[in-house]
Amino acid sequence: LPDGTRDRLPADNTLGALRNMTFSFIEGYWDYEVIPMDEDTVIIEVFETLRRGDMFFEEPVVTVNLENSFGFPVRADIRALEMYTITGDTFEIESPFVENGFDIEYPRTFGAFENTIFQFTKDNSNLPEATSIKPLALYYDMWAIANPDRDTSITGFMSDSSEIVVRVDVRLPLKGRASEFEARDTVDFQVPEPDGSYDINEGELKLYFENSIPVGLTVQGYLWDENQQVIDSLFGENGIQVEGHQDADGAYTITDAFVPFTQDQFDRWEAAEQVHIVARFTSVNYPEIVTIQGEDKMRFGMGIKAQLSNL
């Protein structure tokens with residue numbers, strides 16, 4: 001009744017209809033139901049600039065994080081788990097947990113949530129094979145099965161704010177090997193222009209590499225004009241060889257390189273708008289597995305020494 005008083009109506013003479021009802025909280029038995037949960041694509045940046053070569057990760061991991069505030073059993077139903085490769089192909093991740101799903105923890109009290117962390121690894125899937133084909137992205141389509149075992153003894157609950165939040169991460173631990181792994185990138189470039197009181201006759205580029213990573217590389221740079229046409233190569237015919245460090249002792253190798261240039265070269269460089277960098281990586285003692293530590297790094301510096309003449 002409007003004043004809050006409850007009354008019991010006779011069951012044999014009462015007929016009611018409820019329309020356009022909204023609930024803030026429901027408690028009771030939730031039957032078996034399949035509902036869409038999340039669909040997304042995770043970009044894998046390490047292969048974005050790859051052009052050729054081989055890179056292998058020994059222990060790749062795809063981690064599925066779920067936060068659930070529905071108060072009844074839920075099972076993840078994975079409709080798709082695929083890698084998109086740099087060649088445009090699609091590679092399916094195979095696992096018993098893709099076929100059969102896995103259970104998602106659920107809260108037993110209203111207002112709480114439970115966190116589930118599930119990992120696809122080399123032990124329960126074909127992930128090492130999937131990452132060896134140079135993937136650019138991971139696509140997943142995940143659904144949820146409510147009360148998958150149809151257990152009528154469970155009294156569940158939900159509210160108008162109940163949700164399952166999904167986050168999927170791809171982790172490629174820095175432990176593996178690389179052979180002629182070629183990456184490319186392009187950055188803006190502009191040489192210093194004389195102010196009119198002097199001219200540059202000749203000079204040299206000085207390059208400095210400090211490397212504590214167990215990966216050696218060959219570096220070449222190409223100057224591009226505004227139409228991305230090659231004006232000149234910066235580092236000679238064979239590029240610069242940078243040695244990889246072999247010992248896990250925190251030390252590093254140093255590589256210095258001096259590249260002479262003429263006045264004619266420098267005059268051509270003035271039309272440059274960008275420098276296109278090509279780097280080829282090979283791990284030390286390939287095909288042995290190497291580990292890159294968190295503190296490992298590579299430093300690079302470049303300067304110009306020139307001979308000037310007054311105008």
Side-chain angles (χ1 to χ4, degrees), residues 45-46 48-53 55 174 178-286 290 292-311:
E45 296 181 352
V46 68
E48 281 189 310
T49 56
L50 175 68
R51 289 300 178 272
R52 69 177 186 180
M55 178 172 280
L174 297 177
S179 175
E180 288 295 307
F181 178 91
E182 182 177 297
R184 302 187 179 198
D185 200 3
T186 304
V187 296
D188 293 336
F189 177 86
Q190 186 174 22
V191 298
E193 296 185 13
D195 61 7
S197 62
Y198 65 90
D199 200 359
I200 294 178
N201 296 329
E202 60 183 17
E204 65 180 11
L205 298 176
K206 178 180 179 180
L207 299 109
Y208 170 86
F209 296 88
E210 184 179 294
N211 184 19
S212 60
I213 301 174
V215 175
L217 69 153
T218 302
V219 182
Q220 181 59 276
Y222 299 95
L223 292 178
W224 283 357
D225 63 17
E226 60 182 3
N227 298 315
Q228 296 189 339
Q229 299 298 308
V230 175
I231 297 174
D232 200 358
S233 60
L234 286 177
F235 309 143
E237 294 183 1
N238 301 318
I240 296 174
Q241 311 295 318
V242 180
E243 294 184 4
H245 187 69
Q246 300 191 43
D247 301 320
D249 54 8
Y252 49 83
T253 59
I254 294 177
T255 301
D256 289 318
F258 300 90
V259 181
F261 62 84
T262 64
Q263 182 178 13
D264 290 341
Q265 281 181 294
F266 189 83
D267 290 342
R268 292 199 303 272
W269 293 359
E270 291 180 348
E273 298 283 343
Q274 294 176 310
V275 58
H276 184 61
I277 301 295
V278 179
R280 297 192 182 111
F281 302 85
T282 299
S283 52
V284 172
N285 298 327
Y286 182 88
V290 297
I292 299 178
Q293 307 294 335
E295 62 271 15
D296 288 344
K297 62 188 67 176
M298 181 183 296
R299 294 189 179 95
F300 164 72
M302 183 174 70
I304 295 178
K305 183 173 70 174
Q307 183 183 73
L308 307 180
S309 62
N310 295 325
L311 295 178

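Side chains included, hydrogens not; waters and symmetry mates left out as well; all remaining heavy atoms used. One is the number of the first residue; the rest follow in order along the sequence.
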Any donor-acceptor N or O pair under 3.5 Å, side chains Glu202, Thr262: no
Salt bridge (charged side-chain N to carboxylate O under 4.0 Å, His left out) pairs, two or more places apart, involving residues 208-234: Glu210-Arg299, Asp232-Arg268
Glu243 CD: over 12 foreign heavy atoms closer than 6.0 Å: no
Shortest non-hydrogen contact between Ile240 and Ala257, atoms and distance: CD1-CB, 3.8 Å
Nearest heavy atoms of Glu204 and Phe258, plus distance in Å: OE2-CD2, 3.6 Å
Non-hydrogen atoms of Leu217 and Ala279 that approach each other most closely: CD1-CB, 4.2 Å
Closest non-hydrogen atom pair, His276 against Thr186: ND1-OG1, 2.9 Å
Nearest-0.5 Å distance, CD of residue Gln265 to OG of residue Ser233: 8.0 Å
Chi angles and distances behind the side chain to side chain contact (heavy atoms under 4.5 Å, CB included) call for Leu234, Val259: CA-CA 8 Å; Leu234 286 177; Val259 181; over 6 Å; no
Distance, nearest 0.5 Å, that separates OH of Tyr222 from CD of Gln228: 15.0 Å
Short side-chain to backbone donor-acceptor contact, Glu273 and Trp224, under 3.5 Å: no
